[in-house]
Q: 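Shown below is the structure under consideration.
Below, chains carry the letters A, B, ... as their sequence lines are ordered, and counting in each starts from 1.
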Protein chains: 2
Amino acid sequence: MPHDFAAILKELHLKVTPRRLATLAALSTATTYVSPEEVHKRLQGEFARIGLPTVYRNLEELAAGGVITKVLHPNRQLYYYFCPNRSHHHHFVCLACRTVEDLECCGLEDLEKQVGGRVISHIVQANGLCQACLRAGREASA
Amino acid sequence: MPHDFAAILKELHLKVTPRRLATLAALSTATTYVSPEEVHKRLQGEFARIGLPTVYRNLEELAAGGVITKVLHPNRQLYYYFCPNRSHHHHFVCLACRTVEDLECCGLEDLEKQVGGRVISHIVQANGLCQACLRAGREASA
DNA sequence: ATCTCAATGGAAACCATTTTTATTTAACCT
DNA sequence: AGGTTAAATAAAAATGGTTTCCATTGAGAT
């Protein structure tokens with residue numbers, strides 16, 4: 001079934017704009033995690049005018065709403081990934097081909113009980129080379 | 001027992017320089033995670049000339065060697081922390097007072113077996129407010 | 001003491017990301 | 001449909017943490 005992006009946006013109390021719909025469409029059809037710059041490039045094929053700050057803002061809002069996931073790359077750039085898996089889990093990301101594999105939720109939630117205070121956010125991510133890239137001898141790239 | 005910083009540096013095949021020793025001393029006496037900028041400021045009290053790139057380089061090398069830990073702040077800046085706990089574990093960091101609590105190792109290592117490829121690195125970190133800051137009503141700060 | 005390569009300072013570059021401000025547009029209410 | 005309002009956007013510029021470059025200095029081995 002296709003995703004109802006308009007409904008998703010409404011649920012987040014975000015206005016349903018063509019740019020946001022196109023952003024979601026671009027993310028959801030990508031097979032890898034993508035950079036804001038790349039999203040911007042792709043949207044330039046659809047809109048005569050599309051500003052980079054808009055892309056950054058929308059990606060950030062969508063990530064804050066939990067619709068898309070941030071990928072923290074070792075190169076310190078931020079990437080985004082639309083993960084159809086709606087249950088709580090984390091990711092293994094390939095540093096060569098940028099594909100993403102789901103990792104079933106680890107015990108961090110239990111660990112949070114160790115914490116005396118309040119956990120606001122947590123990051124769990126594994127980086128490496130997927131099997132295909134490993135076999136092909138590809139290298140991690142920036 | 002005091003840390004033998006010179007020995008640590010030698011083990012990493014890094015030259016034992018006054019700046020590196022002072023960097024380690026600064027990190028190890030800090031009670032919180034600190035920014036490169038802050039390390040630089042502190043070293044300026046010890047050295048007439050100390051360049052910011054040197055601080056960045058040394059912190060990066062020490063982190064690569066596993067002597068200090070990177071803290072990935074939600075504000076996207078990088079901080080460093082000298083953790084005396086030498087066993088594998090992760091951290092809960094307070095976004096208000098910058099203190100760090102150890103989290104006993106979660107199951108990510110097991111999860112890595114799910115991965116078909118090779119895991120090069122992983123991040124596990126919880127962010128929030130420690131109990132003291134929670135009680136004091138302090139807020140997460142940039 | 002000398003030699004060699006790593007370490008360093010300073011200035012400049014880099015560049016992803018954010019801010020600013022004026023303009024446009026979606027949403028909501030008649 | 002038309003009017004209203006606050007959100008969304010574009011464009012340009014600024015921001016600022018981080019890195020690069022290169023000449024100089026210094027640590028460690030012989």
Q: B:His40 has an atom NE2; how far is it from atom C1' of D:dG17, in whole Å?
A: 14 Å
Q: Measure CG/A:Leu52 against P/D:dA11 and give the value in whole Å, please.
A: 11 Å
Q: Roughly how many Å is it from CZ in B:Phe5 to P in D:dA27, rounded to a whole number?
A: 19 Å
Q: Taking 4.0 Å as the cut-off, does a side-chain nitrogen or oxygen of B:Arg76 come that near to OP1 or OP2 on D:dG17?
A: no
Q: Before accepting this row, confirm whether a basic side-chain N of the pair B:Arg98/B:Glu38 lies closer than 4.0 Å to the acidic partner's carboxylate O.
A: yes
Q: Would you check if the distance from the ring center of B:His90 to the ring center of B:His122 is below 6.0 Å?
A: yes
Q: Can the ring centroids of A:Tyr33 and A:Tyr81 be said to lie less than 6.0 angstrom from one another?
A: no
Q: Once you round it to whole Å, what is the distance between P of C:dT25 and CZ of A:Arg57?
A: 15 Å
Q: Let's see if you can work this out: which of D:dT9, D:dT19, C:dT18 has an atom nearest to the side-chain heavy atoms of A:Thr17?
A: D:dT9
Q: Take the protein atom CZ of B:Phe47 and the nucleotide atom P of D:dT25, then report the distance between them rounded to whole Å.
A: 17 Å
Q: For A:Glu46, does the CD atom sit with more than 12 other heavy atoms under 6.0 Å from it, leaving out its own atoms?
A: yes
Q: A:Gln77 has an atom CD; how far is it from atom C1' of C:dC14, in whole Å?
A: 12 Å
Q: What integer distance in Å separates A:Glu60:CD from D:dA8:C1'?
A: 16 Å
Q: Side chain of B:Arg49, heavy atoms from C-beta onward: which of D:dT18, D:dA10, C:dG10 has the nearest atom to it?
A: C:dG10
Q: Taking only the side-chain heavy atoms of A:Tyr56 (C-beta and beyond), determine which of D:dG17, C:dT17, C:dT8 contains the nearest atom.
A: C:dT17
Q: Using atom NE2 of A:His13 as one end and atom P of C:dA26 as the other, report the distance to the nearest whole Å.
A: 20 Å
Q: Closest nucleotide of DNA chain D for A:Asn58 versus for A:Pro53: which of these residues is on the 5' side?
A: A:Asn58
Q: Less than 6.0 angstrom from the centroid, inside 45 degrees of the normal: does A:Arg19 satisfy that with respect to the ring of A:Phe47?
A: yes
Q: For DNA chain D, whose closest nucleotide is more 5', that of B:Lys15 or that of A:Thr54?
A: A:Thr54
